[in-house]
Amino acid sequence: MSKISPLSGFPELLPAQRTVERDVIASLSRTFELHGFANIETRVVEPIDRLAKGGEVDKEIYVLQRLQAERHGGGPAPTAELGLHFDLTVPFARYVLEHAGHLEFPFRRFQIQPAWRGERPQEGRYRQFTQADVDIVGRDELPFHHDVEVMSVMVDALGRLPIPRVSFQFNNRKLIQGFYRGLGIDDVTDAIRVIDKLDKLPADEVAAMLVERVGTTPEQAQRCLELATIRVEDTSFVERVRALGVADDLLDEGLAELAEVVEACSAVAGDRVGVEANLRIARGLDYYTGTVVEVFMEGYEHLKSVGGGGRYDALASDGRTTYPGVGVSFGVSRTLIPLIADGVLSGSRPVPSAVLVALNAEEDRAASAAVAQGLRERDIACEVAPTPAKFGKQIRFADRRAIPYVWFVQADGPDEVRHQVKDIRTGEQVDADPATWTPPEADLRPGIVTTIPMPSTHTSTTEENQ
RNA sequence: GUGGGUAUAGCUCAGCUGGUAGAGCGCCGCCUUGUGGUGGCGGAUGUCGCGGGUUCGAGUCCCGUUACUCACCCCA
């Protein structure tokens, strides 16, 4: 009853760790905004029937109901009508339909919110997790160049984060579909599902399954495997696919699209992001119709994808109008929590204060508060020591919190006050004027400490974003 | 949903074949009459996850239960 224990799958961060998450979210937001994407936040609940459309997802949905919900006519327990969203795409689709009259199309937005899923927790998989989505949605039509655009945005955004190198692995559903069709395979979706087992089963077993389960000939199965094992960092996959000798219009279209995506993303990817065409990427969800992508993080491949997305020609539809879209999502929790746990990322301090103003005696609190106020007027976060303890203890108070500076206000004669500020990391203590002294930019705010070598060092920023 | 592991101090863990609970780190105090980090000395802390059983006696053995955790499935 009294002892509290953690709830599996619902991670909570300590203050210093939270600064990491906030900085990452702020960085992502800034990049998305640099590309002209507006932010929205959708409600966290949706009607159950809208969420459960897929059918099988039911058990993953957390339902919401009031404790004192009315029981109509003394009947059985009230039926749940609301559920917590399990991704940001379904709510976004609803949002587009609901507000279509007030939106400008193509509509570009980003969304960074938690989602809930009732699955068994594991490293990188939580019951509550934060996701960052960027999408572009059109009305009736959405030109292909937006595929290129939205993928480039995420490449740019992840390239700016202080995380291990990530790799974008692209494919295209038209390419797969066209290839299979040209090969004479009817059940493309089933074949894709089998091919998807390639990382768990050896190639010959997958081939056997294609023959048995999908009903392909051994030759067809062989071709499928040849296609699926093509993985290159440039557009040379085009010739390699052509060399397999399958002819189909849709295949040609897919090849052209994939080549364009790979080329454009490579152009914006710096050293910190890899871009590849990987022709066995399929993505389970069957609403994808063109570009598909999965993102992996170096050294953390066991987390599976840390991001993914693609093109869907019918994200939403109200019967008269359909809204095609293309988007990618990045798993903020999935990526950050393991990195924080491994010590790859940490916060520089658990408090925002850059300065602790020491307190001489309780009667002098006003004097210390005045110094603090002066610093705050110049946007320097600070706090006054809680008690007039010995200076050693006050310094230790700051040290525990990794507050870099301690400010001393000392009487230096009848009407003289002497102000001094001490950098407790170096021990250096100098006279300072509370009206003008400013710490170096790097000490102003808590930031991310990373063991990842970063080319440019602008990782610390703190912006409100919730 | 399926299978394995674990549950002892704030943290990491030890505790052999049952005999009234320990280490390291951390924390607090003093050495240090106001300027920390190193060093020395001293100190505090546990319903041994919960319930039941066996026993003179259970942290230890048995059963149950809950939670956490890892793997599978699946996904961000």
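Just so it is clear: chains get the letters A, B, ... in the order the sequence lines come, proteins before strands, and each one is counted from 1.
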- [ ] Return the nearest nucleotide to the side chain of A:Ile424; candidates are B:rC73, B:rG36, B:rA76.
- [x] B:rG36
Open item on the list: Is there a side-chain contact between A:Asp23 and A:Val20 in this structure, where contact means two heavy atoms from C-beta onward sitting under 4.5 Å apart?
Closed with: no
Open item on the list: On the nucleotide B:rC74, are OP1 or OP2 found under 4.0 Å from the side-chain N or O atoms that A:Arg127 carries?
Closed with: no
Open item on the list: Heavy-atom nearest nucleotide on RNA chain B for A:Ser8 versus A:Leu303: which residue maps closer to 5'?
Closed with: A:Ser8
Open item on the list: Need one value for A:Arg425: base, sugar-phosphate or nothing, where a base atom within 4.0 Å counts as base even if backbone is also close, heavy atoms only.
Closed with: base
Task: A:Lys390 side-chain proximity, nearest of B:rG29, B:rC74, B:rU33 - done: B:rU33
Task: Watson-Crick/G-U partner (both atom distances under 3.5 Å) of B:rA23 - done: B:rU12
Open item on the list: Please tell me if A:Lys422 has a side-chain N or O lying less than 4.0 Å from either OP1 or OP2 of B:rG37.
Closed with: no
- [ ] Taking only Lys NZ, Arg NE, NH1 and NH2, and the carboxylate oxygens of Asp or Glu, determine whether A:Arg349 and A:Asp443 approach each other closer than 4.0 Å.
- [x] no
- [ ] Considering only atom P, compute the distance from B:rA7 to B:rG26 and round it to an integer number of Å.
- [x] 25 Å
- [ ] Using the P atom on both, measure B:rG3 against B:rG64 and round to a whole Å.
- [x] 14 Å
TODO: State, without any angle test, whether A:Arg283 and A:Tyr288 hold a side-chain donor-acceptor pair at a distance under 3.5 Å.
DONE: yes
TODO: Scan A:Gln410 against the nucleic acid and name what it touches under 4.0 Å (heavy atoms): base, sugar-phosphate only, or nothing.
DONE: base
- [ ] Could you work out the separation of B:rG37 and B:rG4 based on their C1' atoms and round it to a whole Å?
- [x] 45 Å
- [ ] Describe the nucleic acid contact of A:Phe408 in one word from base, sugar-phosphate, nothing, applying a heavy-atom distance below 4.0 Å.
- [x] base
TODO: Report yes or no: do A:Thr42 and A:Gln111 form a side-chain donor-acceptor pair below 3.5 Å?
DONE: yes
Open item on the list: On RNA chain B, compare the nucleotides closest to A:Lys393 and A:Arg125; which residue's is nearer the 5' end?
Closed with: A:Lys393
Open item on the list: In whole Å, I'd like the distance from the CD atom of A:Gln429 to the C1' atom of B:rG36.
Closed with: 12 Å
TODO: Would you please confirm or rule out a distance under 4.0 Å between OP1 or OP2 of B:rC27 and any side-chain N or O of A:Arg400?
DONE: yes
Task: Residue A:Asp399, side-chain atoms from C-beta onward, closest of B:rA76, B:rG36, B:rG34 - done: B:rG36
Task: Distance-only donor-acceptor test (3.5 Å): side chain A:Gln394, base B:rU35 - done: no
Task: C1' gap between B:rC13 and B:rC50, integer Å - done: 22 Å
- [ ] Measure from CD on A:Glu123 to P on B:rC68 and round the result to the nearest Å.
- [x] 17 Å
Open item on the list: At 4.0 Å (heavy atoms only), tell me whether A:Arg120 reaches a base, stays on the sugar-phosphate, or touches nothing.
Closed with: base
- [ ] With heavy atoms under 4.0 Å as the rule, sort A:Asn360 into base, sugar-phosphate or nothing.
- [x] base
- [ ] Sticking with atom P, work out how far B:rU54 lies from B:rG5, rounded to a whole angstrom.
- [x] 27 Å
Open item on the list: Under 4.0 Å, heavy atoms only, any strand: does A:Ala115 hit a base, just the sugar-phosphate, or nothing?
Closed with: nothing
- [ ] Remember a base hit wins even if backbone is also touched, and classify A:Phe397 as base, sugar-phosphate or nothing at under 4.0 Å, heavy atoms.
- [x] nothing
